[in-house]
Amino acid sequence: MNDNGNGTGIDNGHDNLDHNDTAGQAGRPGTATATQPRAVRGTRAGTDPDVAVTVHQTAHPRGFPTAADFAFVESPIPEPAPGSALVRNLYWSVDPYHREMMDDLPGGFGLGVPLEGRTVGRVVASRTPALAEGEIVFHRQGWRTHAVVTPEETRRLPHVDGVPPSVHLSILGGTGLTAYVGLTRIARLQQGEDLFVSAAAGGVGTATGRFARLLGAGRIVGSAGSAAKVDHLLREVGYDAAFDYHDGPAADQLGKVAPDGIDVFVDNVGGEQLAAAVGALREFGRIVRVGTISRYNTPDAPPPLLVHEEVVEKSLRIEGFLVRNYRDVQEELHDFAVPHLRSGRLVPDETVVDGFEHLVDAFLGMLHGRNVGKIVVRDRSEVPAGA
């Protein structure tokens, strides 16, 4: 349930992840025939195993994107050049930061070229000893069925018994790393401290709630975009209290679930809830700024009215971060989370959509809050038997 605090229904935890990666990755090592790429209908995209399909952005949206802003394009399956390998992608991440990258801004996605994104795939042909055929790897050439990669562009993924590979895009991936860094490096969460998380039912929000509980937080409260999402936070994730931000002013709602105040605010959306949190924070409170997705689809919305005097009077600290600057924490996250995953104390919150042809639908659904936790698209070959 990726939701924000301004009615747009989004979790923006990924908005701070690796914005400067080059979209499209044109000119990569690898060869293909001279057959010209051609657009195909999304409903059949990726269903032919002998054809590669990529998703292109075709227009810069104003407000919420639509399916008309994308095209599925067929081309021959590329062949790896010496020193590279061909990966068949199996799991794709669609993230809120993609929406920001769609705007006509420096460093954004280009039009008419393949989009980029996090993905997990299997090496199916290799011309480098560093990537063995059959190996499962993480890389950044998502939004396509096949990719040619070099060893430097990949991360080989360890097998975690009883845990699907999708976790490397959710709680062990950028989503989980954002939550973990936010709590341990930015907030420096202490035992017993009380926490408020906006977009709490999204990927980063659910991971933040689960990690905070394992780290010994005190009272954990959050906001979500519907009664069903609030129920999920309370019943499944372990939040002590939560509210639907549609039900009234954020300051009033936060006052009801955290009448004694909070020590830390993990802000996934900005907007009205950021202003409310400033009022609720105790002395020496911290605000972890993950992103501002509340403005991605409503750029003309007025900014929140912050009481700046309170920041000074209560000695508050407001700090944002880019998770790409904390890649050295990835192994620490793995060591922290995997034992809890194996024991069952930590459960990944995922909405899994089957079929590459539904990639754009999954992205648009995420922007409208139609998922619980991290949304991941899964290749049909990975669907368990009987599912």
Side-chain angles (χ1 to χ4, degrees), residues 4-5 11-17 171-224 233 237-242 250 254 257-258 260-271 273-294 304 306 310-330 332-337 340 346 349:
N4 74 14
D11 157 32
N12 68 344
H14 305 285
D15 126 270
N16 69 359
L17 307 185
I171 207 156
L172 292 182
T175 298
L177 188 59
T178 298
Y180 187 76
V181 167
L183 291 171
T184 63
R185 299 306 196 271
I186 311 302
R188 301 166 198 164
L189 183 71
Q190 301 298 307
Q191 289 263 344
E193 287 191 318
D194 298 329
L195 186 75
F196 169 47
V197 183
S198 60
V204 170
T206 51
T208 298
R210 292 186 185 275
F211 287 165
R213 184 64 67 207
L214 293 170
L215 291 167
R219 184 172 173 82
I220 305 173
V221 303
S223 65
L233 292 175
V237 184
Y239 275 77
D240 295 295
L254 182 56
V257 299
D260 298 323
I262 55 175
D263 299 295
V264 173
F265 173 43
V266 178
D267 182 20
N268 287 308
V269 299
Q273 293 185 56
L274 171 58
V278 169
L281 279 161
R282 300 171 183 140
E283 189 176 23
F284 304 115
R286 286 90 72 202
I287 295 174
V288 180
R289 290 283 289 118
V290 177
T292 314
I293 197 67
S294 63
L306 293 177
E310 289 196 73
V311 176
V312 177
E313 292 166 1
K314 294 193 287 187
S315 299
L316 304 182
R317 177 166 58 85
I318 304 174
E319 183 176 351
F321 71 102
L322 296 174
V323 80
R324 67 167 179 256
N325 296 325
Y326 293 87
R327 288 173 177 159
D328 60 333
V329 184
Q330 182 71 52
E332 180 183 322
L333 167 63
H334 187 274
D335 292 343
F336 168 78
H340 294 303
L346 179 61
D349 297 271

Exercise for the section: Check the pair L189, V264 against side-chain contact (heavy atoms from CB on, under 4.5 Å), reporting the backbone distance first and the verdict last. Expected result: CA-CA 8 Å; L189 183 71; V264 173; 4.2 Å; yes
Is a donor on one side and an acceptor on the other found under 3.5 Å between the side chain of [X] and the backbone of [Y]?
X	Y	answer
D267	R289	no
T175	I171	no
Q330	R327	no
E319	R317	no
K314	L281	yes

Problem - Lys/Arg N to Asp/Glu carboxylate O, D260 vs R282, below 4.0 Å - result: no
Report yes if the side chains of [X] and [Y] come closer than 4.5 Å at any heavy-atom pair, otherwise no.
X	Y	result
L195	L183	yes
F321	V290	yes
L274	I287	yes

Tell me the closest heavy-atom pair linking [X] and [Y], and the distance in Å.
X	Y	result
E193	R286	OE1-NH2, 2.6 Å
V288	G182	CG2-O, 3.6 Å
G222	A200	CA-CB, 3.8 Å
V237	D349	CG2-OD1, 3.8 Å
A207	A179	CB-CB, 3.8 Å
A277	F196	CB-CD2, 4.3 Å

Problem - Results of side chain to side chain contact (heavy atoms under 4.5 Å, CB included) for A276 - residues two or more places apart only - result: A250, A251, L254
Exercise for the section: Please list, chain by chain and in numerical order, all residues satisfying side chain to side chain contact (heavy atoms under 4.5 Å, CB included) with V311, sequence neighbours excluded. Expected result: V278, L316, I318
To the nearest 0.5 Å, tell me how far [X] [atom1] sits from [Y] [atom2].
X	Y	atom1	atom2	result
D194	F265	CG	CZ	14.5 Å
E313	E283	CD	CD	11.0 Å
H334	L177	NE2	CG	12.5 Å
D240	R213	CG	CZ	4.5 Å

Practice task
May I ask you to check whether Y326 and Y180 place their ring centres under 6.0 Å from each other?
Solution key: no
Handout entry: L215/F336 under side-chain contact (heavy atoms from CB on, under 4.5 Å): CA gap, chis, key distance, verdict
Key = CA-CA 10 Å; L215 291 167; F336 168 78; 3.9 Å; yes
Exercise for the section: For R219, check side chain to side chain donor-acceptor pair (under 3.5 Å) against everything at least two apart and list the hits. Expected result: none
